[in-house]
Amino acid sequence: MVVRSCSVQRLATKAVAKQPVSQLFDRDSCTYTYLIADTESREAVLVDPVIELAERDAKEIRELDLQLKYVINTHVHADHITGSGLLKKFFPDCSSIISKASGAEADVLVGPGDNIKVGQVNLEVRSTPGHTNGCVTYVWHDQEIAFTGDALLIRGCGRTDFQEGNSKTLYHSVHSQILSLPEHYHLFPAHDYLGRTVTTVKQEKEFNPRLTKSIEEFVEIMDGLGLPYPRKIDVSLPANKVCGLYNLPEDLEEKVNEAEPL
């Protein structure tokens with residue numbers, strides 16, 4: 001079950017009975033940001049933040065009396081600028097993380113099989129390229145959940161027509177690294193455009209209209225999507241290569257320059 005609020009959802013499943021997870025939403029890009037906390041150490045990890053909502057995320061962290069240890073991205077986003085750089089200004093002891101394969105800068109670069117540890121929280125890094133070369137999925141085995149980024153969405157997947165996209169690669173990534181997980185694992189995507197919040201491995205293996213097809217059919221589907229050019233890509237990609245701190249729009253650059261530790 002999921003407990004809803006206007007902008008923050010605190011997930012109350014078996015998967016998060018001992019360690020809290022908050023699911024935060026950006027209405028503009030339909031991005032989910034995840035705040036994962038260890039209840040004993042009070043240390044936390046933030047997944048896929050959005051720069052315009054960094055203050056909201058920081059407020060949530062402070063209200064819950066947490067120490068932000070890592071801010072991590074599932075990939076180099078094209079539809080929004082990451083909040084990693086701004087959050088590091090709010091929390092100077094925080095380190096940024098992204099995959100080595102992304103080609104982006106961060107304090108820590110991870111690869112397949114690496115683990116991100118915060119107290120009792122242990123996130124396994126799984127390489128899931130195809131939407132971009134640097135896409136990764138973070139699997140929290142103890143809680144039986146995974147954060148799939150754009151590789152696997154609820155009843156969908158990330159597009160493959162730009163930014164190193166490759167339909168065959170994505171198909172193999174999702175089937176070998178995500179849908180190979182136990183069927184009861186809950187999956188939390190980086191986006192949803194229809195208000196859905198969570199799915200399971202079993203549901204996607206049964207009902208995903210793209211990934212239940214053969215690889216040939218999948219490639220044909222992806223080639224025929226005809227999606228518009230991402231409206232923020234020309235601003236987002238250069239910024240996200242350097243923690244969301246390069247060539248920002250004037251209002252965001254001012255916000256970053258004025259940011260101070262909280």
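Fair warning: this is a prediction, and the values are worked out from it, not measured in the lab.
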Look up atom [atom1] in [X] and atom [atom2] in [Y], then write down how far apart they are to the nearest 0.5 Å.
X	Y	atom1	atom2	result
Glu63	Ser22	CD	OG	10.5 Å
Phe147	Ile178	CZ	CD1	12.5 Å
Thr128	Tyr138	OG1	OH	9.5 Å
Leu123	Ile145	CG	CD1	8.0 Å
His77	His131	NE2	NE2	8.5 Å
Glu204	Leu152	CD	CG	5.0 Å

Nearest heavy-atom pair of [X] and [Y]: which atoms, and what distance?
X	Y	answer
Arg155	Phe207	NE-CB, 3.5 Å
Leu35	Ala44	CD1-CB, 3.9 Å
Phe90	Ala259	CE2-CB, 3.8 Å
Gly119	Ser41	CA-OG, 4.0 Å
Thr132	Cys135	OG1-SG, 3.1 Å

*Sequence neighbours excluded, which residues qualify as side chain to side chain contact (heavy atoms under 4.5 Å, CB included) partners of Ala104?*
Val76, Ile98, Ser102, Lys241
Using a 4.5 Å cut-off on heavy atoms from C-beta on, say whether the side chain of [Y] contacts that of [X].
X	Y	value
Asp161	Met222	no
Thr33	Leu53	no
Tyr171	Val219	no
Val21	Trp140	yes
Val50	Ile81	no

Which side-chain hydrogen bond (donor to acceptor under 3.5 Å, both in side chains) pairs, counting each pair once, include a residue from [range], with sequence neighbours left out?
range	value
residues 81-100	Asn73-Thr82, Asn73-Ser84, Thr82-Ser84, Lys88-Asp107, Ser96-Asp107
residues 226-236	Asp28-Arg231, Asp28-Lys232, Tyr229-Asp234
residues 250-260	none

*Walk me through it: do Asp79 and Ser29 pass the test side-chain hydrogen bond (donor to acceptor under 3.5 Å, both in side chains)?*
CA-CA 6 Å; Asp79 54 359; Ser29 63; 5.2 Å; no
*Linking Ile, Leu, Val, Met, Phe, Trp and Tyr through side-chain heavy atoms less than 4.5 Å apart, which residues share a cluster with Val242?*
Tyr246
_Transitive ILVMFWY cluster of Leu194, excluding itself - 4.5 Å side-chain cut-off_ = none
*Stepwise side-chain contact (heavy atoms from CB on, under 4.5 Å) test for Asp192 and Thr197*: CA-CA 7 Å; Asp192 191 83; Thr197 58; over 6 Å; no
Quick one: does [X]'s side chain have a donor or acceptor within less than 3.5 Å of a partner on [Y]'s backbone?
X	Y	answer
Asp38	Val45	no
Arg210	Ile221	no
Asp48	Thr74	yes
Thr148	Ala151	no
Arg196	Ile154	yes
Gln177	Arg126	no
Tyr185	Leu179	no

*How about Lys213: does its NZ atom have over 12 heavy atoms from other parts shown lying under 6.0 Å from it?*
yes
*Atom CD of Glu220 with >12 non-hydrogen neighbours under 6.0 angstrom*: no
*Compute the centroid of each ring, for Phe188 and then for Tyr32, and state whether the two points are separated by less than 6.0 Å.*
no
